[in-house]
Structures are given as structure tokens and as C-alpha cells.
Amino acid sequence: MARLAVTKERHPGETRVALTPDAIRKLIALGSTVAVETGAGLAASAPDADYLAAGASIVPGAAAAIDGADVLLKVRGLAGEEIAALKPGAIVIGLFNPHQDQALLVALAASGASAFAMEFVPRITRAQAMDALSSQANLAGYRAVIEAAEAYGRAMPMMMTAAGTIAPAKVFVIGAGVAGLQAVATARRLGAVVTATDVRPAAKEQVESLGAKFVAVEDEEFKAAETDAGYAKEMSAEYQAKQAALVSDHIRKQDIVITTALIPGRPAPRLVTAAQVASMKPGSVLVDLAVEQGGNVEGAQPDAVVTIGGVKIVGVGNLAGIAADASALYARNLSAFLGLIIDKDGAVVTSFDDEILAEALITRGGAVVHADLKPAP
């Protein structure tokens, strides 16, 4: 019987919880036991009483919850007290940002834990239910538009009244991945005139299917700008210059610009310069979804609204943190992933040869084992 643990998130501003009561109820029905740190789900509208009703045990403190656990489930990285409480060979699963958080990676390796980063779950059909990046990006794209609408201070849709007509807001979304497409759809639902751009050719049809106009330099590099895994490649300096020239004039005419471009394992690409920000009308708004990875917008600051020349740059760090819904989706991602960790008899597997597990495994046996994370020789 697998023993699972869920602790309160220690990352500043993190309101999500790794497992919801509904998810725990299903895992217990399959034979697992679950210990939950008291208060772990409060910020996600999941009180201790709901966990108790689902069959979990509620224990005070992270160390007590983790004690003896086979698997610790997290949203973000572990605090020192949590790492210290892990038993030898324990499994830890979460969104660990291992490319940037080297200290956590080293600490997980030193603890002897087998750590799985949900960011590294491959984008294959069998793993769709485990794709935490996509589930959380959907909510981030939605919330980006809501944050933009609040900061904009004007109506989004066209309104015709006896006193005159209010023009619709013009929204430009840079990066049409999961978050960007959700931003396009949300802005369209709110009545804005929406345009979008992306370096991936497949994005054009997706953007247009949502009723938005696609803007891009469609040259040969553009046609080969997507990896086999579906991620955008980092574009050459020459292409970036051509794209910047195309969008600069477009940006200055926009009311709201939302940037969503992220490249796994690298700093966020700079897409909007200070000069482009300065070209926008006072009262315009930019929302930078990549602010935690360095930002797409020059001048963006994490967890701050910076105003430059009357233009607001919104840098909300945890845009996916619509706690209740984000936790519910993430818990389903983890539950699906646990289906590979726990066998049909309810025991924790000892082999991680499955393609999905092998791709997501970052530390094991006291070492960093993921090829992309190992230090260069």
C-alpha cells in the first residue's frame, strides 16, 4: 500500500495545493493512504474537514505529514524542512523549475530522493492527462486578460449608447501556445478586437479559428520554428529583428499587449523593448506572463505594476494561481502520473523505465540523472 503525503506550499504567494479532496478520495479507493498537513488546502478552498471526509489523515506540520511517506506531492519546490523529513529513496513529484532552481535540484539529489519534474512530462498522446504545464497555462492565459481588463480602466467591448459609441479595446497577444490561445479566446469573449503572433506555423490556423488575426513574418525560418515536442524554437537574431520591425508599428496602435513566450530551460525571450513600450498610448497595458523567467517586456518586474510614460506593465508572478480551479486540474495531472508510480496491487514501482517516468525523472540515488540538467563535463 502506497503512503502519500501532501504538505502546505511554502513558496511565497503560492495558493494552490497538490491534491484536492476529490483526487484523494479516488486515490484512497485504489488502495493508497494519504497524510495531509493541516491547512494545506485552505487557500484553495479545501478545508481540513473536506480532506478528512475524503479519507485522508490530517497532521500538524510538514515533517509529520512526510514521515514514512513513499511519495510526497508538491505544487512547487520543497523547503529545507521538507527535504530533511524525506525517508531514503522517497519519491517527490512537483513543478520544480529545475533549470532555474539549481539549489533545489542539488538538495533533492543530495537527499537521495527520486524526484520527478512535471515540467518534463513529454508531450505525447499517452501523457496528455499528465500535462501540468498545459492545464496551468490555460488558467494563466485567462487570468492575464482579466488582469489586463482591470488595469486598463476602460470597457473591453464596443458599446453603443444614446451618448455615443465606445470603441472596442485592441488586444495583441504575443505567443500563441496554450496560454496565448486562451488569452485570445478570453479577450474575444469580452468583445475586444484581437490579433496574435507566434513563431510556430501551426499557431496561425489556431489563432484564426478563434476569430483573431495572425501577425508574423512568414519566411523559411518561420516554417521550421517548432520542435518535435511542440515547443517554439529560439529564433535567430535576424528573424527577431524582422519580427520586431513588423510588430513595432502594430504594438503602438494597441490598447493591451499580452506576452506569453517561454522556452523551456532558458530565460524568457525579450519581445517588447522599452522603445516599443514608449510608443504606446498613455493608459495602455502590457501583461507579461513570463515575468518569473526574466520577462518578455523590458521593464517588467515580478509581482508589480510598473508605470512608464502612462503605460502600465503588469508582472503578476503566479498567474495560474486561480487556486481552486488550478489545484483541481493539477491534482488530476498528478493522479494520472501516479498511475505510473503505483502498480495495480497498490505498491510503489521500483523501475522507472516507462517513457514518461524516464523523461520526468531528474534525481535518483543521490545524483542528478536528467541529461538536460547534468553539469557539463
Would you call the rings of Phe222 and Tyr239 parallel, tilted or perpendicular if under 30° counts as parallel and over 60° as perpendicular? parallel

For the residue pair His370 and Phe120, does the interplanar ring angle fall in the parallel (under 30°), tilted (30 to 60°) or perpendicular (over 60°) class? tilted

Distance (rounded to the nearest 0.5 Å) between [X] [atom1] and [Y] [atom2]:
{"X": "Leu30", "Y": "Leu338", "atom1": "CG", "atom2": "CG", "answer": "10.0 Å"}
{"X": "Leu334", "Y": "Phe116", "atom1": "CG", "atom2": "CZ", "answer": "12.5 Å"}
{"X": "Asp48", "Y": "Ile58", "atom1": "CG", "atom2": "CD1", "answer": "4.5 Å"}
{"X": "Ile362", "Y": "Asp372", "atom1": "CD1", "atom2": "CG", "answer": "11.5 Å"}
{"X": "Thr33", "Y": "Met1", "atom1": "OG1", "atom2": "CE", "answer": "6.5 Å"}

Short side-chain donor-acceptor distance under 3.5 Å, Gln276 and Ser248: yes

If we ignore angles and hydrogens, is there a donor and acceptor under 3.5 Å between the side chains of Arg332 and Ser335?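 No pair is found: no donor N or O on one side chain lies under 3.5 Å from an acceptor on the other.
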
Taking the basic N atoms (NZ, or NE/NH1/NH2) and the acidic carboxylate oxygens, is any pair closer than 4.0 Å for [X] and [Y]?
{"X": "Lys87", "Y": "Asp70", "result": "yes"}
{"X": "Arg76", "Y": "Glu292", "result": "yes"}
{"X": "Arg143", "Y": "Asp325", "result": "no"}

Determine whether [X] and [Y] fall in the same hydrophobic cluster, where Ile, Leu, Val, Met, Phe, Trp and Tyr are linked whenever their side-chain heavy atoms lie under 4.5 Å apart.
{"X": "Leu181", "Y": "Val194", "answer": "yes"}
{"X": "Ile256", "Y": "Leu319", "answer": "yes"}
{"X": "Tyr330", "Y": "Ile342", "answer": "yes"}
{"X": "Val145", "Y": "Val291", "answer": "no"}
{"X": "Ile91", "Y": "Leu95", "answer": "yes"}

What I'd like to find out is whether the side chain of Tyr51 reaches to under 4.5 Å of the side chain of Val17, using heavy atoms alone. yes

Check the pair Leu105, Thr363 against side-chain contact (heavy atoms from CB on, under 4.5 Å), reporting the backbone distance first and the verdict last. CA-CA 8 Å; Leu105 183 65; Thr363 70; 3.8 Å; yes

Which atoms form the tightest heavy-atom contact between [X] and [Y], and what is the distance?
{"X": "Gly141", "Y": "Gln182", "answer": "C-CG, 4.1 Å"}
{"X": "Met280", "Y": "Asp255", "answer": "CE-O, 4.5 Å"}
{"X": "Leu210", "Y": "Arg188", "answer": "O-NE, 3.3 Å"}
{"X": "Ala323", "Y": "Ala44", "answer": "CB-CA, 3.7 Å"}
{"X": "Leu86", "Y": "Ser111", "answer": "CD1-OG, 4.2 Å"}
{"X": "Glu37", "Y": "Lys8", "answer": "OE1-N, 2.8 Å"}

Give a yes or no answer on whether the side chain of [X] reaches the backbone of [Y] with a donor-acceptor pair at less than 3.5 Å.
{"X": "Asp288", "Y": "Ala300", "result": "no"}
{"X": "Glu119", "Y": "Phe96", "result": "yes"}
{"X": "Thr7", "Y": "Val36", "result": "no"}
{"X": "Gln293", "Y": "Ala290", "result": "no"}
{"X": "Gln136", "Y": "Ala326", "result": "yes"}
{"X": "Asn333", "Y": "Ala129", "result": "yes"}
{"X": "Lys170", "Y": "Lys253", "result": "yes"}
{"X": "Asn296", "Y": "Ala261", "result": "yes"}
{"X": "Thr260", "Y": "Gly175", "result": "yes"}
{"X": "Asp219", "Y": "Glu221", "result": "yes"}

Apply side-chain contact (heavy atoms from CB on, under 4.5 Å) to Val314 and Glu150, showing your working. CA-CA 11 Å; Val314 180; Glu150 191 280 331; over 6 Å; no

If you count the non-hydrogen atoms of other residues, nucleotides and ligands that lie under 6.0 Å from NZ in Lys281, is the total more than 12? yes

Does atom CZ of Arg154 have more than 12 heavy-atom neighbours from other groups under 6.0 Å away? no

